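Data first, discussion second: the structure below is written as structure tokens.
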Amino acid sequence: METTGLLSLPSSKPPPSRAHFRPANPFSISSPTTHKTSVSHRPVTIKSAISRTKKEETVEIVKTQLENCYLLAAIKYTGFTVKQFQDFRRSLPETSKLIVAKNTLVYKAIEGTPWEALKPCMTGMNAWLFVHTEEIPEAIKPYRDFQKEKKLENDFTGAVFEGKFYGPGDFKQLETMPSRAEIYAKILGALQGPAIGLVGTLQAPARDVVMVLKAYVQKLEGESGGQ
């Protein structure tokens, strides 16, 4: 009896490939999916708001300094060192105030006032000298002394006194004004002298006449008080 043997021939099809699966690492940290979010820009940034506030504060400071101010002068600020500026500021009397501010902000503060006559100075970099005393020559002298000591070429670019503009070439008039004591003496002498002397005094600038009259009133009050 013949036996038939079954032969298993290899299949022409390749065997199915085994998938290799890597086990999950329990210690691995998966990076979260990032989503882009749109940032809305505000129409007014914090920086611009602060800048606007500082400008408004500067304008208010200038307006405050203009109260009871007799003279406002501009000094060329270009070339000043920080130390020079600080030294000059310390040399000023209490009746004077030195401020560095942009021309546009100063002009905004003086616009529509008699101080607007200072408009010709609104160029370049300026330091602003506010004088709160009638003794104008004494108020200008500290800068002249400082200018000479430090050999500075920086000069006044202009000033306003009693609503009138004084250019750099006109400062001699301001620096040679008589002091209050000199004006008082002049008026008292005119009142006690011939009528022609009084007429000459009354033809003097309004500031001088007013101060003379004040001195005369004070003299009369002193005499009446001593009786």
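Quantities reported herein were computed from a predicted structural model and do not represent experimental measurements.
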Can you give me the closest heavy-atom contact between [X] and [Y], atom names plus distance?
X	Y	result
Ala117	Phe165	O-CD1, 3.4 Å
Phe85	Ala127	CE1-CB, 4.4 Å
Cys69	Leu71	SG-O, 3.2 Å

More than 12 non-hydrogen atoms from neighbouring residues, nucleotides or ligands closer than 6.0 Å to CD on Glu111, yes or no? yes
Within residues 114-138 or reaching into it, pairs that qualify as ring-ring contact (aromatic ring centres under 6.0 Å, His included) - sequence neighbours excluded: none
Should [X] and [Y] be counted in the same cluster of Ile, Leu, Val, Met, Phe, Trp and Tyr side chains packed under 4.5 Å apart?
X	Y	result
Tyr77	Val131	yes
Ile136	Leu98	yes
Val160	Leu105	no
Met122	Val59	no
Tyr143	Phe161	yes

Just to verify, what does Tyr107 make a ring-ring contact (aromatic ring centres under 6.0 Å, His included) with, not counting sequence neighbours? none
Tyr70: ring-ring contact (aromatic ring centres under 6.0 Å, His included) partners, not counting sequence neighbours: none
Could you give the distance from [atom1] ([X]) to [atom2] ([Y]), rounded to the nearest 0.5 Å?
X	Y	atom1	atom2	result
Lys55	Thr104	NZ	OG1	7.0 Å
Leu129	Ile140	CG	CD1	8.0 Å
Thr58	Lys108	OG1	NZ	10.5 Å
Lys150	Phe146	NZ	CZ	5.5 Å
Leu66	Lys97	CG	NZ	13.5 Å

Go through the steps for Asp155 and Gln147 under the test side-chain contact (heavy atoms from CB on, under 4.5 Å), then give the verdict. CA-CA 8 Å; Asp155 202 358; Gln147 190 180 28; 3.8 Å; yes
Aromatic contact, Phe80 with Phe88 (centres under 6.0 Å): no
So, [X] side chain and [Y] main chain: donor-acceptor pair closer than 3.5 Å or not?
X	Y	result
Asn126	Cys121	yes
Ser96	Leu92	no
Glu56	Thr53	no
Gln65	Ile61	no
Asn103	Gly124	yes

Sequence neighbours left out, what pairs pass side-chain hydrogen bond (donor to acceptor under 3.5 Å, both in side chains) with at least one residue falling in residues 163-178? Arg144-Glu175
For Asn154, check side chain to side chain donor-acceptor pair (under 3.5 Å) against everything at least two apart and list the hits. none
Minimum side-chain heavy-atom gap Gln84-Leu152 below 4.5 Å: yes
Indicate yes or no: does Lys148 engage Asp145 in a salt bridge with an N to O separation below 4.0 Å. no
Check against side-chain contact (heavy atoms from CB on, under 4.5 Å), Leu118 and Leu72: CA-CA 8 Å; Leu118 201 62; Leu72 174 57; 3.7 Å; yes
Mind checking side-chain contact (heavy atoms from CB on, under 4.5 Å) for Glu149 and listing every partner two or more places apart, or none if nothing turns up? none
